[in-house]
Amino acid sequence: MTKVVRVSPDNPDAHVLIECARVIKAGGLVAFPTETVYGLGADAFNEEAVRRVFKVKGRPPNNPLIVHIASLNQLGEVALSIPERAWKLIRWSWPGPLTLVLKRKEDLPQEVTAGLDTVAVRMPANPIALKLIELSRTALVAPSANLSGKPSPTTAEHVIQDLYGKVDVIIDGGETIYGLESTIIDITAEPPEILRPGAIPPEAIERVLNVEVRVRPLVKSPVTGRMRRYAPRTPIIVVEARDYSDLRSYVRRVKEVVKKNVSKRLRVAVIASLETCQHYGDLGVGVKVLSLGSRRDLFSVGRKLFKVLRDVDRLNVDIAIVEGFEEKGLGISVMDRLRKASCYNVVKF
Ligand code: AMP
Ligand code: MG
């Protein structure tokens with residue numbers, strides 16, 4: 001049985017969260033909101049509970065989990081020898097959506113880090129998340145609370161769609177703020193390397209560290225390419241431009257791709273930006289259009305992205321053609337998710 005409880009993020013009800021913390025301590029699974037996406041929480045020091053997290057999500061055991069903490073004391077329980085550069089980022093971003101890869105403490109179960117000698121850690125900024133971790137008196141693993149491969153959940157409704165009946169509690173704390181997962185950085189690498197672009201753009205990290213950081217390039221390897229991630233059931237084609245400054249000619253290109261698919265008698269949806277979505281109105285009544293928001297506000301695009309990817313499955317179309325965004329700032333994270341959601345089905349002009 002899954003219990004769904006509603007908690008206000010502005011004023012979290014301590015009684016409800018004490019109950020949730022008891023569930024965690026007893027080895028149970030509690031889905032909760034963070035400022036990025038909803039997480040599936042379990043006691044990071046309880047091997048049995050951690051194994052259940054992998055099982056419930058259908059997550060491959062070689063994909064390590066992020067450990068979530070609520071205080072700097074807890075950092076010492078999971079990580080060792082923290083370099084000055086890491087402290088700089090910690091002071092600047094925590095609580096917040098930046099995950100650091102650090103040397104791990106021995107006591108942490110192998111399952112959490114998938115056998116690596118490093119651990120990924122962050123302190124989330126959502127008051128419900130912080131309070132839950134604090135009351136649990138243990139660090140929590142908290143991968144996104146979705147079935148492995150699906151778009152990450154940004155509302156409790158998304159968690160219910162994927163995990164109802166499989167977890168003990170789902171805390172409904174409303175819509176998440178960033179809607180994109182945390183940025184993961186390997187601070188021990190020289191130069192520091194972003195392993196996953198996320199809610200904090202690389203440029204902001206560079207300003208804090210005053211060094212250039214590398215963003216690990218997206219490679220479509222035959223192994224990872226086969227597994228769709230962040231993906232709705234509906235197949236996706238991403239139409240990218242080398243340059244988005246001439247939106248008129250870009251829209252013409254996207255339309256060509258749409259028409260090609262319509263001519264194959266496929267039902268098509270277009271996922272576009274606010275600036276361009278009205279230009280797809282003349283493609284016929286069958287073509288449905290969803291907007292991700294303005295190109296000038298990539299924060300909002302990121303925030304809406306996973307919701308729109310879930311919504312597209314309700315349109316009853318055979319394929320979704322998705323516009324690309326400029327790869328700057330949060331645009332890097334948005335394009336990372338879109339390419340993966342499409343299983344690298346990308347057309348580039
Ligand atoms: P998720 O829990 O779905 O947000 O995914 C967590 C991500 O963190 C995965 O993509 C992992 O590859 C990454 N991760 C977790 N632990 C480590 C680590 N020790 N070193 C590098 N990456 C990690
Ligand atoms: Mg995930």
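What you see is a predicted model, and the numbers here were worked out from it, not measured in a lab. We count ligands from 1, going down the list as the structure has it; atoms in each ligand are counted the same way. Atoms considered below: every heavy atom in the structure, side chains included; atoms not considered: hydrogens, waters and symmetry mates.
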Short question: side chain of [X], backbone of [Y] - any donor-acceptor pair under 3.5 Å?
{"X": "Glu323", "Y": "Ser273", "result": "yes"}
{"X": "Arg59", "Y": "Asn63", "result": "yes"}
{"X": "Glu206", "Y": "Val213", "result": "yes"}

Any salt bridge between Glu256 and Lys259, counting N to O under 4.0 Å?
no

What part of [X] sits under 4.0 Å from ligand 1 if we count only heavy atoms: the side chain, the backbone, both or neither?
{"X": "Thr118", "value": "both"}
{"X": "Arg196", "value": "side chain"}
{"X": "Leu195", "value": "side chain"}
{"X": "Asn63", "value": "side chain"}

Closer than 2.8 Å to the Mg ion (ligand 2): does that hold for any N, O or S atom in Ser144?
yes

Proximal atoms of ligand 1 relative to Leu116 (non-hydrogen, under 4.0 Å)
18 (C), 19 (N), 20 (N)

Which atoms from ligand 1 have a heavy atom of Ser144 less than 4.0 Å away?
3 (O)

Would a line drawn from the ring center of Tyr250 to the ring center of Tyr244 be shorter than 6.0 Å?
yes

Could you check, using the six-membered ring where one of them is a Trp, whether Tyr230 and Phe306 have ring centers closer than 6.0 angstrom?
yes

Any side-chain donor paired with an acceptor under 3.5 Å for Arg229 and Ser148?
no

Establish, from distance only, whether the side-chain atoms of Asp246 and Ser249 form a donor-acceptor pair under 3.5 Å.
yes

Identify which of Ser182, Pro143, Ala145, Pro64 has a heavy atom lying nearest to atom 14 (N) of ligand 1.
Pro64

Going by the closest heavy atom to atom 16 (N) of ligand 1, which one wins out of Ala114, Gly39, Ala120?
Ala120

Close approach of Thr113 to ligand 1, heavy atoms, under 4.0 angstrom:
no

Consider every N or O of Arg59 and every N or O of ligand 1, then say whether any pair is closer than 3.5 Å.
yes

In the protein, what heavy atom is nearest to atom 13 (C) of ligand 1, and what distance, to one decimal place, separates them?
Ile184 CD1, 3.7 Å

